[in-house]
K.L.:
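Please read through the structure below; I'll follow up with questions.
In this text the structure is predicted, and so the values were computed from the model without any measurement. What you see below is based on every heavy atom in this structure, not just the backbone, and it leaves out hydrogens, waters and symmetry mates. Each residue takes its place number in the sequence, starting with 1.
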Amino acid sequence: FNDSLHELQITSRRLPTALTSNELKPHADLEFKSKVLKSEDLWILDGRILDPEKVFWDERRVADKEIDCHGFIAAPGFIDTQINGALGFDFSSDIDNFQESLHEVATYVLRHGVTAFYPTIVSSSEETYSRILPKFAAYERGPKEAEILGLHLEGPFISQEKRGAHHKSVISDGQEQITLSKLKKRYGSLEKVAIITVAPELRGMEQVIEELCNNEKIVVSLGHSMCDLETAGKAVWSGARYITHLFNAMLPFHHRDPGIVGLLTCQKLPTSQKLPTSQKLPTSHKWLSSDKKLPHKVFYGMIADGVHTDPAALRIAYRADPKRLVLVTDAIAAMGLSDGVHRHGCQQVEVVGKRATLLGTNSLAGKIGRA
């Protein structure tokens, strides 16, 4: 989630999956933002793309090794920050043959261009977390598999009203005071956890977000929420820097209060609380000042399948902030399988064509990866 964007798209089916410290100079067709393919040399050192002009003219270096990619296109490996399973394997519920199934999924997604991913666990019981999360800690990546960068825990500290395909019995009731100790007790361990999706309007969540971001170094994402723009802004001040599947499972955009969606263009947050200009603001309420800007912009996930998000809505979001759009699959265990009834967490989903819904309802339940 850093701010760097590469003008050049950078991997190829013919490039090695692991690069040595020596300089490589693959010859490939490179895809630029202009969508014009050009035959160029790509300089790589320690797994990083180099500026060829600096290497050649300033450092006057030559490559230690050259690789001919035989005209293949160098394009970026996709990093999926939200994937719930595939090939019948559900990350949130399947215990049997866990390691074998995880290796199969990691191999499968790599064949489709995903070089790294964050296995996503939907809202679950304390018992389920205690059984599932340690199994990811024991995982060791194979040579032809996508890399697991960390876990994404989506819930259970989310809104009952915007729970989507999450089972209501395991979601926070919204009345209890949330603390970091309660959150840790529910999950059992934060080892390997990289992202946690929460509803910022829950009691105590503002403090929990700050502690997760500052003390645990976890990316906090806002989603499955009924919050308004002001509450979303307070969460950003506390350290939140991501939005889970924009437009889905949140209040719809409204011109008087755009809710979480408003973070895409918000620089200064409105507030219902008015303070005298001479009054000094407490440190914990920096967001109240009308002349204070947000400490950072947020990235936002988007399911661009034409089912979860209309293409027109996708274009609006992209034009509002193209640099922080993160495409996600939100794929479920049914990805790679035929139509029928499949498992998603502790619930069943029905897949018909490109749509996956909770069995017997119209509630969307993730993506199944079909064109």
Side-chain angles (χ1 to χ4, degrees), residues 1-83 102-103 105-119 136-152 191-195 213 216-219 241-242 296-297 299 301 322-328:
F1 298 103
N2 57 39
D3 290 332
S4 63
L5 286 177
H6 298 296
E7 292 282 341
L8 186 63
Q9 301 183 1
I10 58 176
T11 63
S12 168
R13 283 174 287 178
R14 287 299 181 94
L15 294 182
T17 56
L19 299 177
T20 68
S21 60
N22 294 331
E23 260 183 20
L24 297 174
K25 189 177 72 169
H27 307 287
D29 289 332
L30 305 181
E31 185 176 355
F32 291 81
K33 282 185 176 180
S34 62
K35 299 182 180 180
V36 176
L37 290 178
K38 297 181 179 179
S39 182
E40 299 282 354
D41 292 336
L42 190 63
W43 292 77
I44 303 170
L45 178 63
D46 293 330
R48 300 181 65 87
I49 305 298
L50 302 178
D51 179 352
E53 292 188 3
K54 182 178 179 181
V55 172
F56 187 80
W57 294 108
D58 297 347
E59 301 178 12
R60 298 187 178 278
R61 300 176 63 180
V62 296
D64 297 296
K65 183 178 181 180
E66 294 190 13
I67 299 175
D68 189 345
C69 294
H70 300 286
F72 277 81
I73 298 172
F78 181 65
I79 299 175
D80 198 350
T81 64
Q82 189 172 6
I83 171 173
L102 187 55
H103 283 292
V105 171
T107 302
Y108 173 78
V109 297
L110 182 62
R111 291 203 304 267
H112 292 272
V114 176
T115 54
F117 65 107
Y118 294 79
F136 284 101
Y139 171 78
E140 294 185 6
R141 178 190 181 192
K144 295 183 179 180
E145 298 175 4
E147 181 180 3
I148 293 179
L149 298 178
L151 299 179
H152 180 171
E191 184 182 3
K192 302 295 184 181
V193 175
I195 308 169
C213 296
E216 305 296 336
K217 307 305 180 184
I218 288 174
V219 172
R241 50 194 317 120
Y242 192 48
H296 50 258
K297 297 282 286 183
F299 290 82
K323 291 186 177 182
R324 289 171 178 80
L325 167 63
V326 179
L327 293 176
V328 302

K.L.:
As a quick check of understanding, evaluate side-chain contact (heavy atoms from CB on, under 4.5 Å) for V109 and I83, giving each step before the final call.
P.N.:
CA-CA 10 Å; V109 297; I83 171 173; 4.0 Å; yes
K.L.:
Kindly determine whether L50 and I44 satisfy side-chain contact (heavy atoms from CB on, under 4.5 Å), including the steps that lead there.
P.N.:
CA-CA 6 Å; L50 302 178; I44 303 170; over 6 Å; no
K.L.:
Measure from the ring center of F78 to the ring center of H112 and say whether it is less than 6.0 Å.
P.N.:
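So the answer is no for these two rings.
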K.L.:
Between A146 and A116, which heavy-atom pair has the shortest distance, and what is it?
P.N.:
CB-N, 4.0 Å
K.L.:
Report the distance from atom CZ of F117 to atom CD of E147, rounding to the nearest 0.5 Å.
P.N.:
9.5 Å
K.L.:
Hey, is the main chain of Y118 close enough, under 3.5 Å, to the side chain of H152 for a donor-acceptor pair?
P.N.:
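No, the answer is negative, given that no donor and acceptor are paired below the 3.5 Å cut-off.
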K.L.:
For the atom pair CG (D41) and CD1 (I67), what is the distance rounded to the nearest 0.5 Å?
P.N.:
11.5 Å
K.L.:
What are the two closest non-hydrogen atoms of G150 and A194, and how far apart are they?
P.N.:
CA-CB, 4.0 Å
K.L.:
Any chance you could measure F299, atom CZ, to T81, atom OG1, to the nearest 0.5 Å?
P.N.:
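With rounding to 0.5 Å, CZ (F299) is 11.0 Å from OG1 (T81).
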K.L.:
Which distance, rounded to the nearest 0.5 Å, do you find between the CD1 of I49 and the CG of L42?
P.N.:
4.0 Å
K.L.:
Could you walk me through whether I195 and I218 pass the side-chain contact (heavy atoms from CB on, under 4.5 Å) check?
P.N.:
CA-CA 6 Å; I195 308 169; I218 288 174; 5.7 Å; no
K.L.:
Between the side chains of E145 and Y139, does any donor sit under 3.5 Å from an acceptor?
P.N.:
yes
K.L.:
Looking at CZ of R111 and NZ of K144, how far apart are the two atoms once the value is rounded to the nearest 0.5 Å?
P.N.:
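Spacing of CZ (R111) from NZ (K144) equals 11.0 Å.
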K.L.:
Could you go through the side-chain contact (heavy atoms from CB on, under 4.5 Å) check for T107 and L110 one step at a time?
P.N.:
CA-CA 5 Å; T107 302; L110 182 62; 5.9 Å; no
K.L.:
Measure the spacing between NE2 of H296 and CZ of R241 and express it to the nearest 0.5 Å.
P.N.:
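Nearest 0.5 Å value for the NE2-CZ distance: 4.5 Å.
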K.L.:
So, do W43 and D51 sit near enough that their side-chain heavy atoms are less than 4.5 Å apart?
P.N.:
no
